[in-house]
2 protein chains.
Amino acid sequence: MTAPEELSELAKSCTRFVHSHGRRSAAELLSEIPAETEVDRYGDGGAVSALEERVAGLLGTEAACFLPSGTMAQQIVLRVHADRRGRRTVAFHPLCHLDWREGRGYERLHNLTGVQVGEPARPISLADLEAIAEPPAALLLELPQRDLGGSLPSFEELEAMVAWARSKGAAAHMDGARLWEAQPFYGRSLAEIAGLFDSVYVSFYKGLGALAGCCVGSDVETVAEVREWRRRHGGTLYSLWPNAASALAALDKRLGRMPAYYERAVELAARLSAVPGLEVLPDPPVSPMMHLVFDATATQWEERFRALAAEGICTWPTPWPGEVLPGKQRVELAVGDATMAFQIDELVSVLARMAGNS
Amino acid sequence: MTAPEELSELAKSCTRFVHSHGRRSAAELLSEIPAETEVDRYGDGGAVSALEERVAGLLGTEAACFLPSGTMAQQIVLRVHADRRGRRTVAFHPLCHLDWREGRGYERLHNLTGVQVGEPARPISLADLEAIAEPPAALLLELPQRDLGGSLPSFEELEAMVAWARSKGAAAHMDGARLWEAQPFYGRSLAEIAGLFDSVYVSFYKGLGALAGCCVGSDVETVAEVREWRRRHGGTLYSLWPNAASALAALDKRLGRMPAYYERAVELAARLSAVPGLEVLPDPPVSPMMHLVFDATATQWEERFRALAAEGICTWPTPWPGEVLPGKQRVELAVGDATMAFQIDELVSVLARMAGNS
């Protein structure tokens, strides 16, 4: 067993998890799919159509299409926007998921070109957009932005950025993988937030904790084109119902918990400000997610992880890849069911120990 | 409810099914996934790695990669072959699945061009291949060929066609969606048949009756490239284990039944030769699948379907799209668990009634 494999096994042996919903077994995940689930045939009918209807209702879009993955969903909807406008560029943040975590499928499969906007370490601003001369096919905004600890622009800023896209004849597309988590900060309905955009992608396996899968919500014509491309991409599987049924169950179970996750994130961050050797980004959090930066060398980090794992508590076996600064480890903390199962005092104490406090 | 929807509902209400494994509920399909299944993370580990190992072993290939769908799998592996050879054409039968059932993703996403070989109504022959001047990137052969009732070339013919591909510097790729069903006819191991080819695609939801999903088997380098493209295509889902675990269970349960399915197909076809108004294609069958052509107008077909459905027996609510000839209806009969549950006398009698015999 390699060292990372061994740490990963140690993580699996834990019974309590600081991050998200913790480790869940196949049996536990499958048990969330109701026995009376109706099957689809090539994405038509059953749990798949039911989910599409539910999501279109939540987002206030005319229609929605279920797809196996966000990687597939977003390159498809961007291509549809691009083909309609006769343009090939998509403007996005330098840490856009499509650009550095998906092998640039948008470029290799769809002949789209990315235009990076703004700086890696901060969200896109209106001024960044105004600095672009070439009108893009689409502007992609990720809400909340995961690589920046779940940051969010104000609603007014968002409106201004979408207005900029419109003024350029570009589509406004939301990477809303975690849109569910953005809602409590804005204090507006999902439909109000989604309504600003021409198309919205939402995911089910992240904050909602379902099996893999996602939806694209948009107008009827766009969704119909997305559906055609889904088939070409190999995403119109013979049966999509297991993941769609899991998503429906997760919406029932966890969508209503988002405000509580968010409150806990804010409360936790406030408590952590008193802990030496630990920084919260952004502070205060604007979603149920934050990044934490700890004073720890790689060796110290591993020692502390092992000590807590020996008590059955899993923190992070491997921090964010690459030390952010020498002697600093960065991790993502998403508040989920497993996080909520901790009393806040114990959670603060666990995180303080990871920062080198005893 | 539209007329096709009403017929489809009638089909669902049946308790016995002539074709394949019949209608199975979500609960039944999920119950085949063992509770102790190990989960993967983005296709790595757990049931996914176990399935890949198992399939590589069965096919005798160095490696195998699990993918969500055949549509994704085949365009990817063909692109890998094409890029390596600096060619863009793929030679295939006019009824190739990629060409008319997948929205030509291979063309739209990968800039590949199809070269149709031979005639729609019969399998590709060596003479058809010898008539092509331009050396293609790959030759695709579908074994058995579904749109021709599961037809198969002789092993010697197969060897000669693969040799032709090699002589042109082209890759030999097998669309082996139903390779499992081809094995009994050849009387050779799966590895011997697969061993002729540079790459092989096999499916799990068809004859094997699992949830959706497939594998590509090939050498280590090709499979590694396929895996990279799977991510770009949006096929490297966060969790692929439900479908992979279902495939493992289906291999356990049904791979060993293929010879019995095949024997039943041959036996049934022999009995059907005595039935007026009914033709078997090919006759004798060479796989556990055949096409049946019935003397029936669309109206007669629907009446006979309804009469049998009233007895709880489902034949085919909708025949092969488009009458093959005026007053003729064509259907696909794949012998599966539901077919096997009939005594052969009753099965012959049911099919005779669909042909207009009383």
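Keep in mind the model is a prediction, meaning the values are calculated, not measured. Naming convention: chains lettered A, B, ... in sequence-line order (proteins, then strands); numbering from 1 in each chain.
- Annotation: maximal heavy-atom pairing with chain A below 4.5 Å, among B:Pro242, B:Gly103, B:Ala27, B:Gly213, occurs at B:Gly103.
- Across A:Ala26 and B:Ala35, no two heavy atoms sit closer than the pair CB-O, 4.4 Å.
- Only the side chain of B:Leu29 comes within contact range of chain A, with at least one heavy atom under 4.5 Å from a heavy atom of that chain.
- Using a 4.5 Å cut-off between heavy atoms, A:Arg23 touches chain B through its side chain atoms alone.
- The shortest heavy-atom contact between B:Ser239 and A:Ala212 is OG-N, 3.6 Å.
- The environment of CZ in A:Arg41 is sparse: at most 12 heavy-atom neighbours from other residues, nucleotides or ligands sit within 6.0 Å.
- In this structure, chain B has a heavy atom under 4.5 Å from the side chain of A:Arg79, while its backbone stays farther away.
- At most 12 heavy atoms of other shown residues, nucleotides or ligands fall within 6.0 angstrom of atom CG in B:Asp44.
- Atom CG of A:Leu211 is separated from atom CG of B:Leu237 by 10.0 Å, given to the nearest 0.5 angstrom.
- For B:Glu228, no part sits under 4.5 Å from any heavy atom of chain A, backbone or side chain.
- Partners of B:Arg254 under the side chain to side chain donor-acceptor pair (under 3.5 Å) rule, at least two apart in sequence or in another chain, are B:Glu32, B:Asp337.
- Looking at A:Gln74, there are no atoms closer than 4.5 Å to chain B (heavy atoms on both sides), in backbone or side chain.
- Distance OG/A:Ser203 to OH/B:Tyr238: 10.5 Å, rounded to 0.5 Å.
- The minimum heavy-atom distance between A:Leu109 and B:His110, with the atom names listed, is CD2-CE1, 3.2 Å.
- Going from atom CZ of B:Arg104 over to atom CZ of A:Arg231 covers 11.0 Å, rounded to the nearest 0.5 Å.
- Residue contact with chain B, scored on non-hydrogen atoms closer than 4.5 Å, involves the side chain of A:Glu38 exclusively.
- In terms of heavy atoms, B:His233 sits closest to A:Met72 at O-CE, 3.4 Å.
- Note: A:Tyr205 and B:Tyr42 have perpendicular aromatic rings, judged against thresholds of 30 and 60 degrees for the angle between ring planes.
- When each of A:Arg101, A:Glu36, A:Arg24, A:Glu28 is scored by its heavy-atom pairs under 4.5 Å with chain B, the top score falls to A:Arg101.
- The closest donor-acceptor contact from the side chain of B:Thr71 to the backbone of A:Gly234 lies at 3.5 Å or more, if one exists at all.
- Within the 4.5 Å cutoff, no side-chain heavy atoms of B:Tyr106 are placed close to those of A:Arg232.
- Note that the CG atom of B:Asn111 and the CG atom of A:Asn111 stand 9.5 Å from one another [nearest 0.5 Å].
- The minimum heavy-atom distance linking B:Val39 with A:Ser25 is given by the pair CG1-C, 4.5 Å.
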